[in-house]
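First up is the structure itself, then whatever we jot down about it.
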Amino acid sequence: DKCEIQVLPEWIGELPLVVLDLTANYGLEDLPLSMQSCRTLRLIKLRLTCLSGPYAPSFEADDEDENSLEGRVCLLTQEGTMPLEEVSTEELNR
């Protein structure tokens with residue numbers, strides 16, 4: 001399920017986290033610096049966030065608007081799912 005988290009609080013790195021599942025938080029673009037000091041974290045799930053990296057989406061047969069992306073390497077950005085070759089250099093460097 002989607003939680004719609006866009007920003008994590010700075011203090012989250014102080015928690016004794018072992019697993020952090022941020023899946024499907026489409027607006028999440030960055031992790032707080034405090035995460036660098038979190039020594040207990042073993043797994044972080046970033047699928048379907050702006051931090052997840054390139055992927056090849058698949059869509060339902062009745063999803064005509066999205067069929068043009070079927071099988072193409074894409075990146076989830078704030079503007080939505082975009083083919084990797086159309087993503088700006090600035091977005092890739094983020």
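By the neighbour-count criterion of 12 heavy atoms within 6.0 Å, atom CD of Gln36 is sparsely surrounded, having that number or fewer from other residues, nucleotides or ligands.
Closest non-hydrogen pair, Tyr26 versus Leu48, comes out as CD2-O, 3.5 Å. Ser37 approaches Gly13 most closely through the heavy-atom pair OG-O, 4.4 Å. For the pair Cys50 and Thr77, the tightest heavy-atom approach, listed with the atom from each and the gap, is SG-C, 3.7 Å. Smallest separation of non-hydrogen atoms from Leu15 and Cys38: O-SG, 3.7 Å. Considering all non-hydrogen atoms of both residues, Leu33 and Glu10 come closest at N-OE2, 3.6 Å.
In the hydrophobic clustering of ILVMFWY residues, with side-chain heavy atoms under 4.5 Å counting as a link, Val7 and Leu22 come out apart. Leu46 and Leu43 fall into different hydrophobic clusters, where Ile, Leu, Val, Met, Phe, Trp and Tyr are joined by side-chain heavy atoms under 4.5 Å apart, directly or via other members.
Considering CG of Leu28 and CD of Glu4, their distance stands at 12.5 Å, rounded to 0.5 Å. If you take NZ on Lys45 and OG1 on Thr23, they are separated by 6.0 Å, rounding to the nearest 0.5 Å. The distance from the CD atom of Glu86 to the SG atom of Cys74 is 9.0 Å, given to the nearest 0.5 Å.
With hydrogens and angles ignored, the 3.5 Å screen pairs no side-chain donor or acceptor of Asn25 with any backbone N or O of Thr49. A donor-acceptor pair is defined here as one N or O able to donate and one able to accept, closer than 3.5 Å; such a pair exists between the side chain of Thr40 and the backbone of Leu17.
Between Leu84 and Arg72, every side-chain heavy-atom pair lies at or beyond the 4.5 Å cut-off. Side-chain contact between Leu41 and Val18 is absent, with no heavy atoms from C-beta onward closer than 4.5 Å. Residues Met82 and Val87 meet the side-chain proximity criterion, which asks for heavy atoms closer than 4.5 Å.
With Ile44 as the partner, the side-chain contact (heavy atoms from CB on, under 4.5 Å) test is satisfied by one option alone out of Val19, Leu31, Leu51, Asp21: Leu31.
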